[in-house]
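To start, the structure under review is shown below, and the notes come after it.
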Amino acid sequence: MNTKQKRISRRIGAFVTGAAVSLLLSSATFAADVTTIKVLNWQPGGPEYWAALVEAFETKHPDIKVELETVPFDRYAEVQGPYIATRSGPDVMEQNAGLELFDRRMGYIELSDDVLAAGDDLLGRVGGCLGYDLSNACYGLPFGLQGNVMYYNRQVLSAAGLDPENPPTTWEDFGAACDAINAIDKTCLALGMTGPFPAYWSFPEIARNFLTEDDIRAILAGDMPWTDPKMVSILTAMAEIPQKGWSNSNAPSISMLPDATDIFASGNAGFAGTIIADAVNWAAFGEALGDENLGAMRWPAIVPEAPLAKSFSGVESSVFGVTSWSEKSEAAAEFVKFIAGVENGNLLTSLGGGIPLNSKVDPALFPKSEALSQIREIIAKPTIHVGVLLSGQEVDALARGWQEVALGRLTVEDWVGRMQVALEDSPGKN
């Protein structure tokens, strides 16, 4: 190689080296400009919806990357607890609205007016604010409406000689329907008693027959003892369900999700009391059973003349808030605002099978479903969801007590005593 060729070779080498260094520096700068936030969640709406949610958020915020830590709902508290105790972990956490959020508010920052303004188009967001009062500190923003209905399988009702166009509306009629369904070797009410589901899915629907809205607010404040005759009546009615053989025999040992819901989704039960949104809703059951075979109704009334007997136990679904230890609070707040926005509302409606709270969601996105149409009529008359007003101690005692009562190991009287102890041990109510 002559001298001229060597000079050219050195120049090319220097150029290539410089370009490589420049590219590395550029990549490092780009990486430094991207903030990664971690979001603890139980994936309401399902994986397809959440994949679309994250993609839409990252497209809108190219400088923020989202890492999800998804935990099954019935294990959520045991995973979240250590994070709060050690003040470390995710930047955003999902939480049930109501007392569960209030009890764990040390894990969240109070949302600023700027963040709360992202919820201006929501039909409601009081479940993220202390005492269900917008003038108090608010720790999370919701995105969807949650609440309880009872689903029924038209095919099972027909096979049992019942009228699928007129499902039972009273406790007595429900008992007769259960007798008919049991006679064809099907489960009447698919039920699971482990974990928190009894508190959130079954208890409120029984409670509406015995409580007024003032009573419900007294429960929130810790001023309604479990020894009150109204509360005793609720537990007595819950005990009747397994005692009368209306539920599957293994109910005390299984969870509603996924075990009991699978009984209904497989066509082996006439009824299932679950929720209007998330993975065990009208969309999932309609896909499993066929939309034409699925119906939705209120739980049968025990006391038809009760003021709340024909109401819907509704609540803002889960809320999302920024953790109190996050060093990326600005990026985390952008995710919380996106959760409450119309873009996410449209995704929830079209992909997640949810009932959005954002008032600007395109109504044309609602899927065609008879059960969904029934639900949209039911939710028109809402009342406070009493289940989310129970403390963690009460939720645990309710589930464990119901299991033991169903197994004949505990009397209702003793269950009442346990519930009262749980109330007295609840920090948020004392």
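Along the sequence shown, residues carry numbers from 1.
- At least one side-chain heavy atom of C188 sits under 4.5 Å from a side-chain heavy atom of F271.
- A 6.0 Å sphere centred on CD of E424 holds more than 12 heavy atoms belonging to other residues, nucleotides or ligands.
- Under the 4.0 Å criterion applied to side-chain N and carboxylate O atoms, D114 and K337 are assigned as salt-bridge partners.
- The shortest distance between side-chain heavy atoms of M150 and F174 falls below 4.5 Å.
- Looking only at side-chain heavy atoms (C-beta outward), S202 and W299 come within less than 4.5 Å of each other.
- Considering only heavy atoms from C-beta on, S318 comes within 4.5 Å of P44 through its side chain.
- Within a 6.0 Å radius of CD in E55, no more than 12 heavy atoms belonging to other residues, nucleotides or ligands are found.
- The nearest pair of heavy atoms linking A118 to L141 is CB-CD1, 4.3 Å.
- At distances below 3.5 Å, not a single donor-acceptor pair connects side-chain atoms of W282 with backbone N or O atoms of I375.
- The ring-ring contact (aromatic ring centres under 6.0 Å, His included) test applied to Y76 returns W42, not counting sequence neighbours.
- Minimum heavy-atom separation, L347 to A56: CD1-CB, 4.0 Å.
- A donor-acceptor contact shorter than 3.5 Å is absent between the side chain of D173 and the backbone of P168.
- Counting heavy atoms from C-beta on, the side chains of D121 and V342 never come closer than 4.5 Å.
- Between the side chain of T274 and the backbone N or O of V280 there is at least one donor-acceptor pair closer than 3.5 Å.
- For Y132, the ring-ring contact (aromatic ring centres under 6.0 Å, His included) partners are F102, not counting sequence neighbours.
- The stretch residues 85-102 participates, sequence neighbours left out, in these salt bridge (Lys or Arg N to Asp or Glu O under 4.0 Å) pairs: E100-R104.
- N293 places a side-chain N or O within 3.5 Å of a backbone atom of L289 that can act as its donor or acceptor partner.
- Residues L40 and F320 form no side-chain contact, since every pair of their non-hydrogen atoms from C-beta on lies 4.5 Å or further apart.
- Remark: E327 CD is loosely packed, at most 12 non-hydrogen atoms of other residues, nucleotides or ligands lying under 6.0 Å away.
- A donor-acceptor pair under 3.5 Å links the side-chain atoms of N346 to the main chain of D362, judged by distance alone.
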